[in-house]
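Heads up, the thing below is written out as structure tokens.
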Amino acid sequence: MTIQQVGVIGAGTMGNGIAQVCAAAGLSVTLVDISAEALDRAMSTMAGSLDRLVRKDQLSENQKQETLARVRTTTAMADLTEADLVIEAATEVLHIKEAIIRQVDEVVRPDAIIATNTSSISITRIASVSSRPERCIGMHFFNPVPVMLLVELIAGLQTSEQTRAAASEFVGRINKTAVSVRNSPGFAVNRILVPMINEAIFVLQEGIASAEDIDLGMRLGCNHPIGPLALADLIGLDTLLQVMEVFHTGFGDSKYRPAPLLREMVEAGYLGRKAGRGFYPYSG
């Protein structure tokens with residue numbers, strides 16, 4: 001199938017980024033959230049992101065306006081009836097994602113593809129709540145979506161080859177690169193990345209090095225563009241804790257236990273950039 005109309009559920013960081021890249025590729029986008037205020041913030045964030053491209057002469061003012069015009073916002077799930085593809089981009093909590101998939105299942109066409117932007121939860125389990133699990137697939141974007149070129153495509157046990165092929169074609173159309181990975185906790189990239197960040201938090205917790213020196217060491221010693229603790233703040237410490245808990249439960253291996261400092265910082269509300277404080281302070 002040729003995907004022309006895309007629904008995105010969730011107007012947070014990932015959702016508005018996915019909406020932006022789809023609209024920039026010429027697709028019609030319906031962005032859904034339960035909060036009208038969140039939808040307004042999402043449109044403002046997209047406008048700001050596109051403004052930066054205009055200032056860099058990577059986009060014209062007309063192209064910016066045309067991109068924004070392709071995105072409509074709504075609080076009604078029923079407005080997804082004409083979507084060829086719906087991408088769920090809600091928080092990384094299983095029961096929330098399952099509830100959304102059930103709602104989408106009731107309103108979209110039988111031939112529509114339902115994708116979840118989960119970064120760690122089993123696609124097979126999420127798809128099992130749909131009446132057409134063969135049309136469900138994992139489509140893991142990376143933050144910030146307009147910048148990062150990778151999308152992990154994860155087929156559940158029920159996912160059809162036709163669905164996987166259509167999803168792969170869509171990823172190319174929005175100027176991203178797809179890699180196909182097997183359904184397993186954390187898939188491929190986060191299976192490697194998140195435990196590394198968790199280990200950096202253990203190193204900080206044990207007083208082996210300061211946050212600044214841990215990040216500097218990984219940038220200069222391993223040629224990483226950003227240190228693991230600064231990256232943790234960008235991702236969100238609550239998201240990292242959720243992913244580590246999925247790993248710990250899914251594999252039953254103590255090597256995936258979340259660092260106690262990570263858990264304590266989440267309890268304190270020190271969630272990273274979005275909260276103004278994480279391993280580093282932020283303003284604005």
Side-chain angles (χ1 to χ4, degrees), residues 1-50 63-118 121 123 126-141 143 145-146 151 159 162-163 166-167 169-171 173-176:
M1 67 180 297
T2 300
I3 294 169
Q4 297 290 347
Q5 299 192 51
V6 179
V8 180
I9 301 172
T13 299
M14 298 305 293
N16 72 59
I18 294 168
Q20 178 183 322
V21 298
C22 290
L27 301 172
S28 298
V29 180
T30 301
L31 180 60
V32 182
D33 198 283
I34 58 174
S35 166
E37 291 78 11
L39 291 167
D40 289 341
R41 286 195 301 271
M43 292 304 297
S44 178
T45 298
M46 278 185 257
S49 176
L50 294 169
Q63 288 172 317
K64 169 198 161 184
Q65 296 300 333
E66 289 169 356
T67 297
L68 291 173
R70 293 189 193 102
V71 182
R72 68 164 178 159
T73 61
T74 179
T75 57
M77 200 76 79
D79 288 334
L80 297 173
T81 53
E82 297 303 314
D84 302 308
L85 165 68
V86 175
I87 304 171
E88 170 276 312
T91 188
E92 192 74 354
V93 177
L94 177 61
H95 71 86
I96 293 176
K97 290 184 179 294
E98 288 179 331
I100 290 172
I101 297 302
R102 289 189 183 98
Q103 292 177 62
V104 172
D105 212 44
E106 294 176 356
V107 299
V108 296
R109 302 193 319 267
D111 63 337
I113 294 173
I114 302 174
T116 174
N117 182 52
T118 179
I121 300 172
I123 305 306
I126 293 174
S128 69
V129 304
S130 170
S131 63
R132 38 186 179 273
E134 72 281 357
R135 307 294 295 173
C136 296
I137 192 166
M139 199 176 282
H140 178 210
F141 290 80
N143 184 32
V145 178
V151 178
T159 307
Q162 180 186 24
T163 297
E169 188 275 336
F170 162 76
V171 170
R173 187 168 176 189
I174 61 172
N175 301 309
K176 304 292 185 188

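The shown structure was predicted, so the numbers you read here are calculated from the model rather than taken from an experiment.
Screening residues 63-76 for salt bridge (Lys or Arg N to Asp or Glu O under 4.0 Å), with sequence neighbours left out, gives D51-K64, E61-K64.
Judged purely by distance below 3.5 Å, without hydrogens or angles, the side chains of E88 and T116 pair a donor atom with an acceptor atom.
The distance from the CD1 atom of I174 to the SG atom of C22 is 4.5 Å, given to the nearest 0.5 Å. Separating the CG atom in L85 from the CD1 atom in I137 is a distance of 9.5 Å, to the nearest 0.5 Å. Expressed to the nearest 0.5 Å, how far CG of D105 lies from CZ of R135 amounts to 12.0 Å. How far CG of N117 is from CG of N143: 10.0 Å, rounded to the nearest 0.5 Å. Between the CD1 atom of I18 and the CZ atom of F141 there is a distance of 4.5 Å, given to the nearest 0.5 Å. In this structure, CD1 on I96 lies 12.5 Å from CD1 on I101, to the nearest 0.5 angstrom.
With hydrogens and angles ignored, the 3.5 Å screen pairs a side-chain donor or acceptor of N16 with a backbone N or O of G12. Looking at T91, its side chain never comes within 3.5 Å of a backbone N or O of V93 through a donor-acceptor pair.
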Below 3.5 Å, can you tabulate the donor-acceptor pairs from side chains in residues 40-50 to any protein atom, sequence neighbours excluded?
unit_1 : atom_1 : unit_2 : atom_2 : d
T45    : OG1    : R41    : O      : 2.9
S49    : OG     : Q20    : OE1    : 3.1
S49    : OG     : Q20    : NE2    : 3.1

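What you find for V71 and A23 is that their closest heavy atoms are CG2-CB, 3.6 Å. The shortest heavy-atom contact between V21 and P146 is CG1-CA, 3.6 Å. Here the shortest heavy-atom pairing between S131 and P133 reads C-CD, 3.5 Å. Shortest non-hydrogen contact noted between I100 and A90 is CD1-CB, 3.4 Å. In plain terms, the two heavy atoms of A166 and I113 that are nearest each other are CB-CD1, 3.5 Å. Shortest non-hydrogen contact noted between T2 and Q4 is CG2-NE2, 3.4 Å.
Residues meeting the side chain to side chain donor-acceptor pair (under 3.5 Å) test with R102, sequence neighbours left out: none. Legend: residues meeting side chain to side chain contact (heavy atoms under 4.5 Å, CB included) with T74, ordered by chain and number and at least two apart, are T30, V32, A76, D79. Residues meeting the side chain to side chain contact (heavy atoms under 4.5 Å, CB included) test with C136, sequence neighbours left out: I114, A127, S130. Listed by chain and number, the residues in a side chain to side chain contact (heavy atoms under 4.5 Å, CB included) with L94 are E98, I121, R125, I126 (sequence neighbours excluded).
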Does I9 form a side chain to side chain contact (heavy atoms under 4.5 Å, CB included) with D33? I'd like the steps, not just the answer. CA-CA 6 Å; I9 301 172; D33 198 283; over 6 Å; no

Could you go through T118 and E92, starting from their C-alpha distance and side-chain angles, then the distance that decides it, and tell me whether this counts as side-chain hydrogen bond (donor to acceptor under 3.5 Å, both in side chains)? CA-CA 6 Å; T118 179; E92 192 74 354; 2.7 Å; yes

Test log, rule side chain to side chain contact (heavy atoms under 4.5 Å, CB included), inputs K97 and V129: CA-CA 10 Å; K97 290 184 179 294; V129 304; over 6 Å; no

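A salt bridge links D84 to R109: at least one charged side-chain nitrogen sits closer than 4.0 Å to a carboxylate oxygen.
Counting non-hydrogen atoms of other residues, nucleotides and ligands closer than 6.0 Å to CD1 of I34 gives a total of 12 or fewer.
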